[in-house]
Amino acid sequence: MTPNSKLTTNPIDASELSFDDFKTIVINDYKIAYESRQASLLGRKEVLTGKAKFGIFGDGKEIPQIAMAKAFKNGDWRSGYYRDQTFAFATGICTLKEFFAQLYANPSVEADPASAGRQMNCHFATRSLNEDGSWKDLTEMKNSSSDIAPTGGQMARLVGLAYASKLYRQNPDLSYLKNFSVNGNEVAFGTIGNASTSEGVFFEAINAAGVLQIPMAMSIWDDAYGISVPAKYQTTKEDISEILKGFQRDEDAAGYEIFKVRGWDYPALCETYQRAIDVCRTEHVPVLIHVTEVTQPQGHSTSGSHERYKDKDRLEWEREYDCNLQMRKWMLESAIITEEEITELEATAKKLVRETQREAWNEFLATIKVEKEEVIDMINRIANGNPAISKIASLLASTPDALRKEVVSSARKTLRLSINNPSPERDKLINWYNSQASLNEDRYNSKLFTDGIESPLLVKQVAPEYTEESKMVDGRELLNACFDANFARDERLVAFGEDLGAIGDVNQGFAGLQAKYGDLRITDTGIREMTIIGQGIGLALRGLKPIAEIQYLDYLLYALNILSDDLASLSYRTKAGQKAPVIIRTRGHRLEGVWHSGSPMSMILGSLRGLHICVPRNMTQAAGIYNTLFRSDEPALVIECLNGYRLKEKLPENVGEYTVPLGEAEIVRTGTDVTIVSYGATLRVVEEAAEELAQLGISVEIIDPQTLLPFDTKQICAESLKKTNKLLVVDEDVPGGGAAFILQQVLEAQNGYYHLDGQPRTLTAKAHRPPYGSDGDYFSKPSVDDIIETVYQIMHDNNASKYPSIF
């Protein structure tokens, strides 16, 4: 067998097997477990010797994961955490060589398909997409959603992965999506450590799955600790399944089927997982498998030792009840294998792991070594007797396993030291460095978005159409018509959130649509923002087009961890191996009150790179943005204006078809004196101010970026500054918040600084949240008076005689 081949488990059905067949399966299972343990041990050594930066491994969980892998079928999904390496080996999701390639951060998709070196080891993912961003047939694969390190973070998306099976089973209109499901028979497997069950997202997800009644199989690896903190400080009664007994289903109420099994008992584990997953798959109910008495032989990670916090008795117990050792003992006692045979198996496995590790290390270094030799040669040619430059080449040559950063850094330092000595040799090094820059951009910085054939940036722009008969309607009615048209057009669209279904959301954008399209497609949820977003991620990973509603922009904070750690980084951390085109719909801006008026754009811009951030000024623009997003495959946040639902707008005849391109700013008022950039609800305030400013002889040009990510890709703002030479950014975020981002984009990214003849200004909300009432709004956020006076001051600073001071 080659080191990179995939050796997978087989399900055990003793009634259909001869003893020899049974022996073969069991021995193969032990072989996988033993190889996994050796990979853990060797991986730790590679970190401690400096070849890898950090290591976290799945030792002590091998046998439970072997049992779980037997029940995992093509089409199923995993949403787990960084202890699942044996499961990954047993299912073929990861090979030994890929495991070590990830440990060394090999930036090649071929070497590390999970993340192309972007995630630390044991963060697994399968590649759902072809190179052009189109979907593979996920029913023919064993699927793993991309792991994230934040503890418990995998729980939110797990809900959505399982919920997709329910939709595929119960909605016959989805049957044409044959690449994503076979009648909804797929199970979503979740894994978590016992300590992480203390996280709020765990309880939120457990409750959501129980309410939804979805095929979610939750495994808890219970080793009695969370790093150094024992279970008595983590869990009431020190037993998670004990406190979850209230979720156990019975003849009177739906709930979970709960199982408990010891982590070192191979036969019981195999039997338990077969029973649990059969119930989950056939009855479409959630199951919980609490795997107790698990060990962690190497401690939490390579950054510490568990001998510091476990007493002698505990360590002795862990050595005796090591799951691999217990399986070995059971195999010998059951005459499945002899001592000589198992010793030979272990020696062969140890050798294989060592050879695979060396091969992965050599492959990681191969291209770097070529680059290293090229650079050493070029530096020596440039040196021409210069001892300082010659020393750079000598130091690089004396570094046997130099990393790419050392090669590139040596080249850059040489170019700095030789700046006053131009030569053909120096030009050659410059050309090499420039060519490497684009390669390294691809290796380390690419694919924040999928950038595939369904990118929203490729959606054809279609203008709204009006006739003399076009009606004036409330903004909410325009949105409603947009959603109605798109739900009729695309069966993949689903929407869910608090108050979204029966009443059609708190502002009536979905009014009447649940009655028309059914409660599978337009659904109420409980108050659970983290798993509303996770529900969207899981559905989107499985080929559906979810709209996840967060009722108000302020409530986004409750889901920020899932949005930032999981959704926003998904394309980047898999190098476009997975995508989740979730649309998060919310509303915000100028509603009075501390908890319903936030505009935390700097928080959003800082934490959600990887999402398109859309800030339409009215519902016509919002509908056009939705139409673009519904026809594309990248995630986005759309923030509707709270005070726009009852304002009258003309209803386009093609309300479900016209599109607003992302990243294209619009000049909503032309002017010659001052450029004002603003967005969302504040834009109407700016427009009102512009009327009085015109009476004062000041002509303002108003630009609406429409989306903040991407921002003004055609550089309309900079073009405007060439004419006005003055800039004001009006924003509802805190001082130095979203306005600072816009300034950076206009002045730095667009070189707008060079067109200014005065200080650029920002006008923002105050540093605190707005107090309640209209007066609170007036004195806390930019008002018409504030805008007029700020623009007038800009003109006064430029020409005091023409524009004398107001105050």
Side-chain angles (χ1 to χ4, degrees), residues 71-79 126 128-129 134-145 155-190 205 208-218 254 276-287 454 486-497 500-501 513-514 516-525 531-548 570 578-583 630 633 635:
F72 196 73
K73 296 182 178 180
N74 282 350
D76 286 346
W77 278 84
R78 166 190 170 270
S79 181
T126 49
S128 303
L129 307 179
S134 61
W135 292 101
K136 296 179 180 179
D137 188 341
L138 304 185
T139 66
E140 295 183 349
M141 301 168 52
K142 291 182 171 68
N143 301 286
S144 176
S145 59
M155 294 296 302
R157 93 176 84 93
L158 177 64
V159 174
L161 291 169
Y163 184 56
S165 289
K166 179 176 181 175
L167 296 186
Y168 280 121
R169 176 169 288 192
Q170 296 188 12
N171 184 357
D173 291 338
L174 298 176
S175 60
Y176 75 97
L177 296 169
K178 298 188 184 301
N179 282 6
F180 297 100
S181 180
V182 180
N183 301 318
N185 290 331
E186 301 79 21
V187 170
F189 287 67
V211 169
L212 293 169
Q213 287 295 283
I214 50 180
M216 183 179 103
M218 188 68 235
I277 304 307
D278 281 349
V279 168
C280 190
R281 196 182 303 278
T282 58
E283 299 183 38
H284 256 221
V285 297
V287 300
E454 294 185 274
N486 280 284
F487 270 72
R489 177 185 62 85
D490 191 344
E491 295 88 348
R492 296 174 298 169
L493 279 170
V494 293
F496 43 88
L500 185 72
L513 297 186
Q514 186 184 71
K516 185 172 184 177
Y517 294 104
D519 60 6
L520 280 177
R521 295 191 65 191
I522 298 169
T523 311
D524 283 312
T525 71
T531 48
I532 287 172
I533 298 302
Q535 197 167 320
I537 296 171
L539 291 177
L541 282 166
R542 296 195 59 189
L544 298 175
K545 303 280 284 185
I547 304 169
L570 177 63
Q578 293 183 357
K579 63 182 177 182
V582 186
I583 298 170
F630 291 154
D633 69 348

Participant: Hey, mind stepping through Asn143 and Arg542 against side chain to side chain donor-acceptor pair (under 3.5 Å) and telling me if it holds?
Facilitator: CA-CA 10 Å; Asn143 301 286; Arg542 296 195 59 189; over 6 Å; no
Participant: If I take atom OG from residue Ser144 and atom CD from residue Gln578, how far apart are they, to the nearest 0.5 angstrom?
Facilitator: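 Here the rounded value is 7.0 Å.
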Participant: Can you give me the closest heavy-atom contact between His284 and Ser165, atom names plus distance?
Facilitator: CE1-O, 3.6 Å
Participant: Roughly how far, to the nearest 0.5 Å, is the CG atom of Leu539 from the CZ atom of Arg157?
Facilitator: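 Reported to 0.5 Å precision, the distance equals 13.5 Å.
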Participant: Any chance you could measure Thr126, atom OG1, to Leu129, atom CG, to the nearest 0.5 Å?
Facilitator: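 Rounded to the nearest 0.5 Å, the OG1-CG separation comes to 9.5 Å.
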Participant: Quick check for you: to the nearest 0.5 Å, what is the distance between Asp76 atom CG and Asn185 atom CG?
Facilitator: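 One finds 9.5 Å between CG of Asp76 and CG of Asn185.
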Participant: Phe487 and Ile547: which non-hydrogen atoms are nearest, and at how many Å?
Facilitator: CE1-CD1, 4.0 Å
Participant: May I ask you to check whether over 12 heavy atoms, not counting those of Lys73, lie within 6.0 Å of atom NZ?
Facilitator: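 No, the 6.0 Å shell around NZ holds no more than 12 heavy atoms from other groups.
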Participant: Salt bridge (charged side-chain N to carboxylate O under 4.0 Å, His left out) between Glu491 and Arg521: does it pass, once the steps are laid out?
Facilitator: CA-CA 9 Å; Glu491 295 88 348; Arg521 295 191 65 191; over 6 Å; no
Participant: Applying ring-ring contact (aromatic ring centres under 6.0 Å, His included), name anything that partners Phe189, two or more places apart in sequence or on another chain.
Facilitator: Phe72
Participant: Show your working on side chain to side chain donor-acceptor pair (under 3.5 Å) between Ser181 and Glu186 and close with a plain yes or no.
Facilitator: CA-CA 7 Å; Ser181 180; Glu186 301 79 21; 2.8 Å; yes
Participant: Using a 4.5 Å cut-off on heavy atoms from C-beta on, say whether the side chain of Asn74 contacts that of Thr139.
Facilitator: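 With C-beta onward as the side chain, the pair stays apart.
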Participant: Rounded at 0.5 Å granularity, tell me how far CG in Leu493 sits from CG in Asn486.
Facilitator: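 CG of Asn486 is found 6.0 Å from CG of Leu493.
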Participant: Apply salt bridge (charged side-chain N to carboxylate O under 4.0 Å, His left out) to residues Lys178 and Asp137 and explain how you reach the verdict.
Facilitator: CA-CA 8 Å; Lys178 298 188 184 301; Asp137 188 341; over 6 Å; no
Participant: Quick one: CG on Asn179 to CD on Glu140, what's the gap to the nearest 0.5 Å?
Facilitator: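 Here the rounded value is 7.5 Å.
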Participant: Classify the ring geometry of Tyr163 against Phe496: parallel below 30°, tilted from 30° to 60°, perpendicular beyond 60°.
Facilitator: perpendicular
